Amino acid sequence: MTRLTSPTQTEKPMLTSYTRFQQEFATGLASAIEAAYSESIDDASLYSDTHVAALIERPRKAQFGDLAFPLFPYVKLVKEAPPVVFEKIFAKLYLPDDLGEVTFAGGYLNLTLNTTRLAKALAAEILPAPDQFGSSSFGAGKRMLVEFSSPNIAKPFGIGHLRTTVIGASLNRIFAFLGYETVSINYLGDWGTQFGKMIVAYQKWDGEKELAENAIKGALSLYVRFHEEEKNDPTLSEAARLAFKKLEDGDPEMTELWEMFKTVSWKEFERVYNVLGIKFDLITGESFFNDKMDEAISRLEKAGLTSESRGAEVVDLGEFNLPPCLLRKQDGATLYATRDIAGLMYRWDTYRFCESLYIVGSAQADHFKQVFKVLELLEDAEGAAPDERMTGKVKHIPFGWVKFEDQALKTRAGHVIYLDDVLQKAISLAESKIRDKNAELADLSNVAKQIGVGAIVFSQLSVRRQKDVNFTWEGALNYEGETGPYLQYTHARLSSLLRRYHSQSDEQSVPNYNELDYTVINDTNTHQLMATIARFPATVENAAKEYEPFLISSYLLELTALFNSFYQRRDENGKIVKILSDNKALTDSLMSIVIMTRATIATGLHLLGLEAPEEM
RNA sequence: GCCCCCGUAGCUCAGUUGGAUAGAGCAGCAGUUUCCUAAACUGCGGGCCGCAGGUUCAAUUCCUGCCGGGGGUACCA
């Protein structure tokens, strides 16, 4: 056997059970269409495998089967009624014997996969290594930078920071699961005029005393007071600007204060990251680029991109319908954009990434457009070779606001909800629930933490990125329905089943998938459950492609809902049909599905950043 | 003014390369437990898909305009 080593091979998605079924269906359909209609359809590409495969979709409802092929385009071409088109294609349709059953409904040619074949294919795909299901080597050899969280450490860690943190951590895990070498970066806001403000406030209003009791809340009250008094006292803004300028020029007193603020806040942030279970490969701050600004700016100057405008040094982006990108203020101090540009240059030189993602709120969309455009202009001007360009590889991944009780959270106005408070409340609620339901649970407090944190994390990932989410205590502390704890609960149920199965059967391991008899399974619920499991690899891939962890969240909700009704399905008398029964062939087969479902849920939860407790 | 995002059930949201009777959860109501974990399951009610045009065999989905909400729009980040 010869192994093909074409360079495109790694670009192809892994061949999963699901994609294989699609291919077989498409191939069969393509030849059937050709046989039936090659006379009346001139364009041969309309019955090519790839064209047909692209048309195949998933039916809206399970009753229509597993795969659907819309006949409308052909109906229009040959000017025949849909049922006629169906009959003609169906007459020429030869699919592998065991692929499934074809039906016609509503203008679609539908395929319901053969349950036994579906089950066998899945078992062969998953059971040998359940943990690996859905993973791939697609990203092998590619380096992916994911910058997220990036809090401004002059401010408290509020729930406003939750989304970037949770979305970024999830994307990082997803890409790693797909074989990428990921570098998670926390780019701390540890520089800028805000520190000038803090320093002024600290010196003016006895900050030492203010911070002594509770550093974080003390710092916040200084910050809030500054913004309140600034409204009536313009000299404060000027003082802050000056303080920051002194800091930037290396003034020892300013530097000492700045270090102190940094240490105090970072301690608090680190604690919260630990609770969330998030680690970074690289923690840097804007200040890291202080000594790299001049070089970045002079590179832009040499390329002839800079100009002077109203006393500031800028890159004019008027022809791209963007405001000018400011590099230096009138007083010579640099800005956010300058640091991001220097940062990108540095990252490109250091990492040569295949992609670099910025998980930052959509309010900063224009900022990133500017920065990326400046770099594009620079690479154009320097005549960089195509593979030496970072343009197109750097991406802003935007997301909507977190609002509280329908109001925007404004740190400056002191309107803050501490993430830590939220997490602690969620955890103690989980704890009291466990005491109600499963008081003897070993490791109770650790499981409570997993569930409480899971509830909060999941709440941020159960809506598409671009939408604003409205934080309410009621919503965050609801553990029923479409929530993180619901997913975790289902996982715990599955784990419990597995424990019982092992305790009553001789073998401690997974059933041998070659010997399983799936012909004993014929109900639609189980079929649907398996068809849904089969979609997991494609779901992970889509989540990566769209930078959208939500796709995994909604998939998991669908999967767990199906499992829970599978688990509680009833016979004619309304009695629950148990999975573990005296019928060994049936039990083994059902348990193989339990094992596959459990592994999929555990992996999915992990990719979202939730723990999967075995008991709760 | 210009640019971007959002508008779907009472509430929170799915529905995204345009396709079948627009779906979930919460809340409400009615059931299910001699316990394979009821943080669950089953059923019921609930919709001018913001409005008006256009493209199409087909529009919640694409285009245009309008209305409503949010954000951005050079020395904050």
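Numbers restart at 1 for each chain; the letters A, B, ... are given by sequence-line order, proteins then strands. From a predicted model like this one, the values you see are computed outputs, not experimental measurements.
- For the side-chain contact (heavy atoms from CB on, under 4.5 Å) test, residues two or more places apart in sequence or in another chain that qualify with A/Asp249 are A/Lys245.
- The ring pair (Phe, Tyr, Trp, His ring centres under 6.0 Å) test applied to A/Tyr37 returns no partner, not counting sequence neighbours.
- By the ring pair (Phe, Tyr, Trp, His ring centres under 6.0 Å) test, A/Phe148 pairs with A/Phe280, sequence neighbours left out.
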Identify all side-chain donor-acceptor contacts of residues 311-318 of chain A below 3.5 Å with residues at least two apart in sequence or on another chain.
| from | atom 1 | to | atom 2 | distance (Å) |
| --- | --- | --- | --- | --- |
| A/Asp316 | OD2 | A/Gly318 | N | 3.3 |

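- The salt bridge (Lys or Arg N to Asp or Glu O under 4.0 Å) pairs that include a residue from residues 334-344 of chain A are A/Glu286-A/Arg339, where partners are two or more places apart or lie in different chains.
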**Message:** Please encode protein proximity along nucleotides 37-46 of chain B as a string of B, S and -, counting only heavy-atom distances under 4.0 Å.
**Reply:** BSBBBS----
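- In terms of the salt bridge (charged side-chain N to carboxylate O under 4.0 Å, His left out) criterion, residue partners of A/Arg435 (sequence neighbours excluded) are, by chain and number, A/Glu431.
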**Complete:** Output field dot_bracket for RNA chain B (Watson-Crick or G-U, both distances under 3.5 Å, | for other-strand pairs) contains (((((((..((((.....[...)))).(((((.......))))).....(((((..]....))))))))))))....
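- Sorted by first and then second residue, the pairs that involve residues 565-585 of chain A and meet ring pair (Phe, Tyr, Trp, His ring centres under 6.0 Å), not counting sequence neighbours, are A/Phe563-A/Phe566, A/Phe563-A/Tyr567.
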Please list, pair by pair, any protein nitrogen or oxygen found under 3.5 Å from a nitrogen or oxygen in nucleotides 3-10 of chain B.
| from | atom 1 | to | atom 2 | distance (Å) |
| --- | --- | --- | --- | --- |
| B/G7 | OP1 | A/Lys467 | NZ | 3.3 |

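- Not a single salt bridge (charged side-chain N to carboxylate O under 4.0 Å, His left out) links A/Arg163 to another residue, sequence neighbours left out.
- Contacts classified as salt bridge (Lys or Arg N to Asp or Glu O under 4.0 Å) and involving residues 448-472 of chain A (residues at least two apart or in different chains) are given here: A/Arg464-A/Glu546, A/Arg464-A/Glu548.
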